[in-house]
2 protein chains.
Amino acid sequence: MHKEITIYDIAARLNVSAATVSRALKDHPRVSKATKKLIAKTADEMGYRSNSIASNLRKKQSNIIGVIVPRLNSNFMADVLAGIEKVANSNNYNLFISQSLESTKKEASNAKAMLNNRVDGLLVSVAYDTTDFDHFEPFIKRNVPIIFFDRVFEHESCPQIYIDNFKAAHDITDHLIKQGSKRIVHIGGNQLRNVYSERFQGYKRALEENNLTFDKNLVIINDLTSKSGAEAAQEILKMSPLPDGLFVANDICAIGCMQVLKKEGINIPADIAVAGFNNDPTATVIEPSLTTVNYKGYEMGEVAAKLMINRLVDKNDFQETHSLILRSELIIRESSLRNNTKK
Amino acid sequence: MHKEITIYDIAARLNVSAATVSRALKDHPRVSKATKKLIAKTADEMGYRSNSIASNLRKKQSNIIGVIVPRLNSNFMADVLAGIEKVANSNNYNLFISQSLESTKKEASNAKAMLNNRVDGLLVSVAYDTTDFDHFEPFIKRNVPIIFFDRVFEHESCPQIYIDNFKAAHDITDHLIKQGSKRIVHIGGNQLRNVYSERFQGYKRALEENNLTFDKNLVIINDLTSKSGAEAAQEILKMSPLPDGLFVANDICAIGCMQVLKKEGINIPADIAVAGFNNDPTATVIEPSLTTVNYKGYEMGEVAAKLMINRLVDKNDFQETHSLILRSELIIRESSLRNNTKK
DNA sequence: ATTTATAATGCAATCGATTGCATTATATTT
DNA sequence: AAATATAATGCAATCGATTGCATTATAAAT
């Protein structure tokens, strides 16, 4: 059986104290060069592996950042996680990752596990139905920073990172209008979540600005899955007169919808100009390719992780930083470009 | 400033020993019901949060499973992770997740971090160029189980979970041949990796069985990105005579390739019948929809996590389990279905 | 050679929960 | 009531690294 080597074993072997071994291994200036070299060599020979758990306990610091997202298997979240991991890893932080599966209850239990494991900070994109902050309170009380990204939660002591959903939705709706759409359907998600309500508001504002009356019968709220998109298409087909524009709050749902519309003989963009949101990989593959809002998940992850690490390194950093709004861009593709307006 | 409550604080308040508090909190049978209730209540009131770090140190067990994957932002891996997380979470295990970014060096440094943090087990899908086992040896020596999935590494003490890539590739190539293809190009990935070499071998075998001569000029090895697919398309277009079949080792690359072929006026499947691998979401969206191998990442994640947890709970479990081969299925779509063979 | 400054190392407590082995309190049996 | 069994609780060591505060060794200054 393998016996785990500790700094005491090294100390005993070299006839020095454990304190010196500890200091030597972390390159403390108060240990001589020669001793350091010797200790490093011996540690290596003996197969020593530092025990982070013991270190964490003593230092009351874990170098772990907790991450809670609605789901891991979403293209956007995977990008965000990749960005977070990249930054965390290169700053010697480890990642605890869990998913809430859109349930506040699970989000809370995950948060609890993170707290028990004494994560140094928490990055969260909240579940579909999270409306209270109770499960995050203990972090605030203990001064463990929480940063919300994308699906943010409004709280005075938590910075937020997101894109200007209102503006993006406004611009994309405006674009549809400029392309000649007058009756524009909007398919949106749970209005409790900032991302979806802001997209809806942006859509409304664009209509107003263009003197188009808002018709609530043209708004469909669902869970934005591909399947729901297909169902929404059936609803749209029953509308009379048929709408001539469609703005969906995410690409997956937009594409599910488009596929049905196409099958039913609707010509996109001639009959209905369509726009989505997220710039999912499928958006470039569908025909016609889908106009959408590009929205860099990877970058959002990087920014979130950087902000967190800055805060952890320099405790009184982000008192000022409250919101961080990232750039997003309109990507106009075939699904909304009408020939008659092409120049 | 917040003072962290420990079992000692609770013990002091109730005039019992810390041992009793510890036992009560974990529902040890040797503590009376009444005391348990009282302690639970007091702990709650005082805002006690158990410190997993201290517990881990003492128990020499972390309830953490480490996961190392090539990249987090891949559709397949995101599915796998979701499956792993689901199972781990419901069994009270936490997840340390990191990505190697296809670099052995980073894979090794991640492994080291995991070891230092004393993960109870390790789930790994190896980097593109990993050829040695050195960085995993310390785990074996310490009896920390490692399970490889998808991109597996051959090692006597590590179970592997994957699909029968050989058979799937064989079947899909055979299908292309049955559809009338005689000159079939194969685009594959790094042959060091089991997944890609087996797919290549399956392709070869299918050719042999159908008395088609293998032509190494029809094989293109690249990194299987969309961009590389587009470049491969250019190569294919230069071949003379033009091939009439194409089997690509993943969908992303297949689609990158198809898009160029289509643009250049090639008719799919009439001129070239195409098949991919993975059943990526884009495979259903591209036109014509892409024939592929379905390959449940989520399920693979679940299986890997379950096997790991069984092993962790019952130490002498998987001595027997070495390889676990999951089901995969051929999904035939328009990209390979030729009218002349339709019945 | 002595004092003073500086470098190198050691001591011992600490972080918070766990657990084998006592010990004390209560219940049961004779 | 005494003896025995059983339930409930406590003691104290342990897990391994860290660090403030000595202490000792070496170098520089007088």
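Computed from heavy atoms alone, side chains included, the values below leave out hydrogens, waters and symmetry copies. Per chain, numbering begins at 1; letters A, B, ... match sequence-line order.
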May I ask you to evaluate whether [X] reaches the phosphate of [N], defined as a side-chain N or O under 4.0 Å from OP1 or OP2?
| X | N | result |
| --- | --- | --- |
| A:Lys60 | C:dG16 | yes |
| B:Lys26 | C:dT19 | yes |
| B:Ser50 | C:dG16 | no |
| A:Tyr48 | D:dA17 | yes |
| B:Lys33 | D:dA8 | no |
| B:Thr35 | D:dT9 | yes |

Classify [X] by what it touches in the nucleic acid, base, sugar-phosphate, or nothing, heavy-atom distance under 4.0 Å.
| X | value |
| --- | --- |
| B:Asp9 | nothing |
| B:Ser22 | base |
| A:Val21 | nothing |

Nearest to the [X] side chain among [options], which nucleotide is it?
| X | options | result |
| --- | --- | --- |
| B:Ser17 | C:dA17, D:dC11, C:dC11 | D:dC11 |
| A:Ala54 | D:dG16, C:dG10, D:dT9 | D:dG16 |
| B:Ala19 | C:dG16, C:dA12, D:dC11 | D:dC11 |

Heavy-atom pair of closest approach, residues A:Ile146 and A:Phe136: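 Heavy atoms only, the tightest pair is CD1-CB, 3.6 Å.
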What closest approach, in Å, do A:Leu115 and B:Arg49 show between heavy atoms, and which atom pair accounts for it?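 Shortest heavy-atom separation between A:Leu115 and B:Arg49 comes out as CD2-CD, 3.0 Å.
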In whole angstrom, give the distance that lies between atom [atom1] of [X] and atom [atom2] of [N].
| X | N | atom1 | atom2 | result |
| --- | --- | --- | --- | --- |
| B:Asn56 | D:dA17 | CG | C1' | 15 Å |
| A:Lys59 | C:dA13 | NZ | P | 23 Å |
| B:Ile10 | C:dG16 | CD1 | C1' | 11 Å |
| B:Asn51 | C:dA17 | CG | P | 6 Å |
| A:Leu25 | D:dG16 | CG | P | 15 Å |
| A:Arg118 | C:dG16 | CZ | P | 8 Å |
| B:Gln61 | D:dT14 | CD | C1' | 16 Å |
| B:Lys37 | D:dA8 | NZ | C1' | 17 Å |

Do the side chain of B:Arg23 and the base of D:dG10 come within less than 3.5 angstrom through a donor-acceptor pair of N or O atoms?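 Such a pair exists between side chain and base.
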Map A:Arg30 and A:Glu4 onto DNA chain D by nearest heavy atom, then report which one ends up closer to the 5' terminus.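 Result of the comparison: A:Glu4.
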Return whichever of B:Leu57 or B:Thr20 has its heavy-atom-nearest nucleotide of DNA chain D closer to the 5' end.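 First, find each residue's nearest nucleotide; the 5'-ward one identifies B:Thr20.
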Within the 3.5 Å criterion, strictly below it, is a donor on A:Asn94 or A:Asn63 matched to an acceptor on the partner's side chain?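 The answer is no; no qualifying pair exists.
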Are a donor atom and an acceptor atom from the side chains of A:Ser32 and A:Thr35 found within less than 3.5 Å of each other?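 A:Thr35 and A:Ser32 do have a side-chain donor-acceptor pair below 3.5 Å.
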Look up atom CG in B:Asn51 and atom CG in A:Leu57, then write down how far apart they are to the nearest 0.5 Å.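 The CG atom of A:Leu57 is 6.0 Å from CG of B:Asn51, to the nearest 0.5 Å.
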Heavy-atom count check: over 12 atoms from other residues, nucleotides or ligands less than 6.0 Å from A:Arg13 CZ?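 Result for CZ/A:Arg13: open.
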